[in-house]
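Chain identifiers are assigned alphabetically (A, B, ...) following the order of the sequence lines, protein sequences preceding nucleic acid strands; residue numbering begins at 1 within each chain.
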Amino acid sequence: MRKEKSVLSINIKINNADAYVGQDVTLTGWVQKRIDKGRLQFVHLRDGTGVMQCVVFKKNLPEDQFDAARHITLESAVSISGALRAEERAPGGFELDANAFAVISRAEDPYPLAPKRDGGEHGSDFLLNNRHLWLRDPRQTAILRTRATLVGAIRNWLDDQGFVLVDTPIITPAAAEGTTNLFATEYFEEPAYLAQTGQLYSEATIGAFGRVYCFGPTFRAEKSDTRRHAMEFWMVEPEMAFTELDENMEVIEQFVSHCVQTVLRERAADLAALERDTTRLQNVLPPFPRIHYDDAVKLLHANGYPDFPWGEDFGAPHEDAISAQFDKPVFVHHYPRGVKAFYMQPDPERPDTVLACDLIAPEGYGEIVGGSQRMHDYQTLLDAIDAHKLPQEAYEWYLDLRKYGAQPHSGFGMGLERVLMWLCGLPHIREALPFPRLYRRFYP
RNA sequence: UCCUGCGUAGCUCAAUCGGCAGAGCAACCGGCUGUUAACCGGUUGGUUCCUAGUUCGAGUCUAGGCGCAGGAGCCA
């Protein structure tokens, strides 16, 4: 008889529970928590869309099924059927009165990750070694859902603004910027490298589409061992023909604001679960403050770094000192030529500076966007390649672009994980990637 | 790569002056029909990171190594 009941019950997802109150339903998922009250068992079932408290009374189901529920292990895969009803005392506002309990796969015990207690937390080393299981934690799912929403916001805005997604290669023949260490691999018998940027290729595709972007993983083989660095990370790189520095900054502030506001709107519950104070994020609307590098240096002189020399790049403490003066992301533009990439266009009025802009996030999250106007004159670019002692033959195709319809053009790169850290208030980049590749760590 | 700190039960951590290896949580067994980090009783659980040294005796001291964390540099 009970069998007939569960056959008739409807398979539903927990986030649709409100539509099935009063009906007999079946849930499948993983046991997140069990509270043993003897003849009464509270089983908290997670199905990927939410968590449902299931009430298992001994008298409401066959004895073998009750015993199975009473001894079920954490993270076992189970199917639970019963009547769904609204219940104030239950965590999500709904509760399932179980009349059938089936074990699909019993998890081994003990489950390696303990529920949070005042007796102690897990350390980051242990958690990262168990990343394949740590991902099930409510905090981690909130972060990764937010990441997915952020990716969607990025793509939607660019698509709506007429940017065309044009993918750039991950396997590349030579160092794009020459300076950074690349992951080396092999293309049959020839040396090859994993891309650290798609930008140079996007400078080619703007000749076909005008406005483009590439969005995918990028790779840096630098031995950077900090909370802000991963060896494999995602970067979105829009590129625009017939566009100079000021317009580039306008696009960036519109774009970043849209991303922030979309996440605030669509992921409010997840940000609340992360205990993120979003008051300062609400402020992130155009225009953003813009300061010239010269003025940024003066600002540092007046705020704790009196000896900072003109001509050097900012380190993390300097970025923090600058961003602390503003309640929004702040642009620093016109950097000294010596600290920026070879392809950036010098300012004709200040040839010791380039038409570059970095966007520094508030609250100590550092640089999230780096952009610039690119050299469009053939000879200027050739001289720059020579000055940086880069192999000209590797850049022939890039130089070629300056021969056929060259024009002032600009673009920028935004680090997905850096932005996600800022939005979610994460202390370390390791939580911003599903399977982070960190210095000396790429398992699992 | 540099600076600083830390490696003890599955996890998070104690262990006085160099003198018997401990707790909480998890797990397991039992009790409880309203728990939300349940509660109560009981049980199990150790290569004290590795190697060498000092000592009657080393988790503790010394040297080297390995691992991890935080910060810096580099960058997004």
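- We find that A/Arg220 and A/Glu232 are not joined by a salt bridge, their nearest charged nitrogen and carboxylate oxygen being 4.0 Å or further apart.
- Checked for salt-bridge contact, A/Arg136 and A/Glu75 meet the test: a charged N lies under 4.0 Å from a carboxylate O.
- Taking the six-membered ring where tryptophan is involved, the planes of A/Phe163 and A/Tyr213 are perpendicular, since the angle between them exceeds 60° and thus also 30°.
- Nucleic acid contact class of A/Arg34 (heavy atoms, under 4.0 Å, all strands): none.
- Of the two residues contacting RNA chain B, namely A/Gly370 and A/Arg441, the nearest-nucleotide position lying further toward the 5' end is that of A/Arg441.
- Taking the six-membered ring where tryptophan is involved, the planes of A/Tyr305 and A/His318 are perpendicular, since the angle between them exceeds 60° and thus also 30°.
- RNA chain B is contacted by both A/Phe126 and A/Thr73; A/Phe126 maps to the nucleotide lying nearer its 5′ end (nearest heavy atom per residue).
- Checking side-chain atoms of A/Tyr293 against main-chain N and O of A/Asp313 turns up no donor-acceptor pair under 3.5 Å.
- B/U44 makes up no base pair with any nucleotide shown, lacking Watson-Crick or G-U wobble contacts both under 3.5 Å.
- Judged by Watson-Crick or G-U wobble contacts below 3.5 Å, the nucleotide B/C56 has B/G19 as its partner.
- Across all strands shown, the partner of B/C68 is B/G5, judged by Watson-Crick or G-U wobble contacts whose two distances both fall under 3.5 Å.
- Checking the phosphate oxygens (OP1, OP2) of B/A38, a side-chain nitrogen or oxygen of A/Lys33 falls inside 4.0 Å.
- Aromatic stacking of A/Phe233 on B/A76: satisfied, with centres closer than 5.5 Å and planes within an angle under 30 degrees.
- At the heavy-atom level, A/Asp358 lies nowhere under 4.0 Å from the strands shown.
- We find the OG-OH distance between A/Ser76 and A/Tyr111 to be 11.0 Å, quoted to the nearest 0.5 Å.
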**Complete:** Going 5' to 3' through nucleotides 29-35 of chain B and flagging B where a protein heavy-atom sits under 4.0 Å of the base, S where only the sugar-phosphate is that close, and - otherwise, we get SS-BBBB

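- In this entry B/C11 has B/G24 as its Watson-Crick or G-U wobble partner, both defining distances falling under 3.5 Å.
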